[in-house]
Amino acid sequence: MRLEQALQEKTLIGDGAMGTLLYSYGVDRCFEELNLSHAKEVQNVHKAYVRAGADVIQTNTYGANYIKLSRYGLEDQVKTINTAAVRLAKEAADGEAYVVGTLGGIRDIQKEIPTMDELKRSFREQLYCLLMEDIDGLIFETFYDLEELTTVLEIARQETDLPLITQVSMHEPGVMQNGTPLADALQLLEQKGADVVGVNCRLGPYHMIQALEDVPLPEKAGLSAYPNASLPDYEDGRLIYPTDPNYFRKSALDLYRQGARLIGGCCGTTPEHIAAVAKEVKGRKPITEKVVPFKQPSVPKKPDDSNREAHLHEIAQKKRSIIVELDPPKKLNTEKYLRGAKALRDAGVDSVTLADNSLASPRISNTAMATIIKQEYDINPLVHIACRDRNLIGLQSHLMGLHTLGIREVLAVTGDPTKIGDFPGATSVYDLSSFDLIHYIKQLNEGISFSGKSLGEKTDFSVAAAFNPNVRNLNRAVGRLEKKISYGADYFISQPVFSEKQIADVYEATKHLDTPVYIGIMPLTSSRNAEFLHHEVPGIKLSPEIRESMEKHSHDKERAQAEGIAIAKSLIDAALDLFNGIYLITPFLRYEMTVELTEYINQQTAKQERKISNGINII
């Protein structure tokens, strides 16, 4: 009897974890490579599951693709490893169990690494290796990213008529990482051609049963469930799954009652767990009717916008907008900082931006300073968020805190690596890139957490992204802007430019974008400052004329600062005709310089408006 027919007629038992058993034997390396170096041990695991009653066993190929094998320098052995894996499983099954080729999910919460094209190439290579070995079907498991799974499923369906088993994984019961309800996700997979749809990994039996309670029986496909043994415990440096197989047996019956006709186990499960499942449900006729209780969909509450002020990107789309970076102090005395923030407010800036430990050097928390200037000085803060210092938990918690404090303007940046800062031995986290962070902040705006769970209400963040025009290939830099827009960026803040021609070039390269750009202007403070920027900051080059003019005043601090302001004003004049958004960067907390430049911008803007009102075309 072929696998597809067996799935229609009876409940089948899947196998359990491969890695758990190998790990318990003291193996802590690339499990897929063991198909070559420890073939007997891998085959013995397969045989143990067949003896326990498994009708369907999986090849030891979960991570046997180019992308994952490359982590171990094994990327050139994709065919060898997959071929060996199928041979071992078929010999172990010996006609007593079906053998399905396993393909595991690659994407995690970082959507841009790897790219979808890289995923497709890696997947196709492994797919063809498995299809050449006369397997009974394919199983796609542990896919958190629904886009990835539907993409590879479509490719597989075009290449084979074998049964395709697709299993998603959830961070939260009943909902995918992007907020899609499990029932909708499984329905989509059925529509894309899956013969079995279901869930595996991450959740133990209790939460997997809970998630399936809201899933109706598929119209044509079967339903599968491969729960973890339990939540893991960490004991003596090892992960332990303490679940009693008898509990797993009782849970298998509940999974069967929810409609599952292929039931196995994932992390932490052993042949004892599978034997318990087989004893309870093996061979039962599949459930054909199921009543799913109606639940009113939970719609996240929208933020109260009765007194909502315009976001920075909305202001820049309509009129002149000035934001000023004033980095939190490195020392605990905040008097000068707060004096500067108040002066900038009085000068008329739309926002004060606060970096997040720029150059990987610790400063007073920008959230703390942002809260003070917002509450005590009525300043709209723009808080930078670096991916370097916080993991996923910390990033979401941080953003939820900003929302609670009423801070709605954020800049998503990857962050300078720790090795360049005050603590080169510190760890850089980088759970997300700036692209991913933009995406997940916008997911919060839909009321959905990073893990897909409802937050109960929607945030209202306007998300800025960084733009570095100081590169050799400006078009490539603009390509990154376009990619950030696709991830949800609302506007861009550029690094400082020091050339009128460069300002014009940036305008020409970005004028096709509807997303506003705040062009960066930073006044020079001295000849030494100018030489440092020119020689030591990647991508920034000052013209000989600017460096010479600063050099003339190298022995007079006041004259040097005045010259730096004069240069900045000439750059502002060039920018005002082309950009609504101006981003002033305060050097070394010398806020007097950015206050003067803010007042200058407002004066020049007023002149332009008067000319326009008098009917004079200034461009």
Side-chain angles (χ1 to χ4, degrees), residues 3-4 7 11-19 54-63 65 98-108 123 126-127 130 135-154 156-157 162-178 180-205 207-212 215 217-218 221-229 251-252 255-256 258-269 274 277 452:
L3 176 57
E4 51 265 46
L7 285 165
T11 299
L12 300 182
I13 307 303
D15 56 4
M18 171 68 71
D55 300 301
V56 180
I57 63 172
Q58 302 176 219
T59 57
N60 181 35
T61 53
Y62 171 79
N65 55 71
Y98 299 101
V99 174
V100 293
T102 304
L103 301 102
I106 298 175
R107 266 186 176 180
D108 53 22
F123 169 75
Q126 187 184 10
L127 173 67
L130 292 171
I135 51 179
D136 296 306
L138 293 165
I139 184 166
F140 305 82
E141 65 173 15
T142 322
F143 281 80
Y144 288 93
D145 189 285
L146 190 57
E147 180 190 21
E148 179 190 11
L149 181 52
T150 55
T151 299
V152 299
L153 171 59
E154 288 176 338
R157 189 76 287 170
L162 289 174
L164 303 180
I165 304 165
T166 58
Q167 298 191 139
V168 299
S169 296
M170 301 169 289
H171 297 292
E172 302 287 345
V175 65
M176 294 294 293
Q177 184 173 277
N178 66 350
T180 301
L182 175 61
D184 294 349
L186 298 186
Q187 183 181 50
L188 176 62
L189 293 171
E190 182 183 24
Q191 293 170 353
K192 296 287 185 181
D195 299 287
V196 178
V197 296
V199 187
N200 81 293
C201 204
R202 178 67 178 87
L203 304 178
H207 288 109
M208 194 165 285
I209 294 165
Q210 183 185 56
L212 291 176
V215 175
L217 295 178
L223 198 61
S224 66
Y226 281 59
N228 284 355
S251 299
L255 290 170
Y256 165 77
Q258 293 304 323
R261 61 179 62 183
L262 173 59
I263 303 175
C266 204
C267 300
T269 58
I274 298 307
V277 173

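Taking CD1 of Ile139 as the start and CG of Leu262 as the end, the distance is 6.5 Å to the nearest 0.5 Å. For the atom pair CD of Gln210 and CD of Glu172, the computed distance is 10.0 Å after rounding to the nearest 0.5 Å. Residue Ser224 holds its OG atom at 7.0 Å from CD1 of Ile165, rounded to the nearest 0.5 Å. Expressed to the nearest 0.5 Å, how far CE of Met208 lies from SG of Cys266 amounts to 7.5 Å. Met170 CE to Leu182 CG: the interatomic distance, rounded to the nearest 0.5 Å, is 5.0 Å. With values rounded to the nearest 0.5 angstrom, Asp108 atom CG is found 10.0 Å from Tyr144 atom OH.
Not a single donor-acceptor pair under 3.5 Å links the side chain of Thr180 to the backbone N or O of Met176. Between the Asp55 side chain and the Ile13 main chain, a donor and an acceptor come within less than 3.5 Å of each other. Panel note: side chain Glu190, backbone Ala221; a donor-acceptor pair is recorded below 3.5 Å. In this structure a side-chain-to-backbone donor-acceptor pair under 3.5 Å is missing from Asn178 to Gly452. Although no hydrogens or angles enter the test, the distance criterion places no donor-acceptor pair under 3.5 Å between the side chain of Arg261 and the main chain of Leu223. A donor-acceptor pair under 3.5 Å links the side-chain atoms of Gln126 to the main chain of Thr61, judged by distance alone.
At a threshold of 4.5 Å between non-hydrogen side-chain atoms, the residues Ile209 and Leu255 count as touching. Here the side chains of Thr59 and Val100 are not in contact, with every heavy-atom distance at 4.5 Å or above. In this structure the side chain of His171 reaches within 4.5 angstrom of the side chain of Arg202, judged on heavy atoms. Counting heavy atoms from C-beta on, the side chains of Tyr98 and Ile57 never come closer than 4.5 Å.
In terms of heavy atoms, Glu4 sits closest to Pro163 at OE1-CG, 3.2 Å. Taking both residues in full, the closest heavy atoms of Asn228 and Cys267 are given as OD1-N, 3.0 Å, listed atom of the first, atom of the second, then distance. What you find for Gly204 and Pro227 is that their closest heavy atoms are C-CB, 3.9 Å. The two atoms that bring Gly193 and Arg157 nearest to each other are O-NH1, 2.8 Å, heavy atoms only. Minimum interatomic distance between Ala225 and Gln167 (heavy atoms only, all atoms of both residues): N-OE1, 4.2 Å. Across every non-hydrogen atom of Ala17 and Thr269, the tightest pair is N-OG1, 3.1 Å.
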message = Run Leu103 and Asn65 through side chain to side chain contact (heavy atoms under 4.5 Å, CB included) and show every step you take.
response = CA-CA 8 Å; Leu103 301 102; Asn65 55 71; over 6 Å; no
message = With side chain to side chain contact (heavy atoms under 4.5 Å, CB included) as the criterion, how do Asp15 and Gln58 come out once you've worked through the C-alpha distance, each side chain's angles and the decisive distance to 0.1 Å?
response = CA-CA 7 Å; Asp15 56 4; Gln58 302 176 219; 3.5 Å; yes
message = Phe143 vs Ile106, test: side chain to side chain contact (heavy atoms under 4.5 Å, CB included). Steps then yes/no.
response = CA-CA 8 Å; Phe143 281 80; Ile106 298 175; over 6 Å; no
key: side chain to side chain contact (heavy atoms under 4.5 Å, CB included) between Val196 and Thr166, worked out   = CA-CA 6 Å; Val196 178; Thr166 58; over 6 Å; no
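The one candidate from Ile135, Val56, Asp195, Leu162 that meets the side-chain contact (heavy atoms from CB on, under 4.5 Å) condition with Leu3 is Val56. The side-chain contact (heavy atoms from CB on, under 4.5 Å) test with Leu153 is passed by exactly one of Leu189, Leu188, Leu138: Leu189.
For the residue pair Glu141 and Thr102, no side-chain donor N or O sits within less than 3.5 Å of a side-chain acceptor on the partner. When only modelled atom types and interatomic distance are considered, Thr142 and Asn200 share a side-chain donor-acceptor pair under 3.5 Å.
Taking 4.0 Å as the cut-off between side-chain N and carboxylate O, Glu148 and Arg107 do not count as a salt-bridged pair.
In this structure, Phe140 and Phe123 have tilted ring planes: the angle between them lies in the 30° to 60° band.
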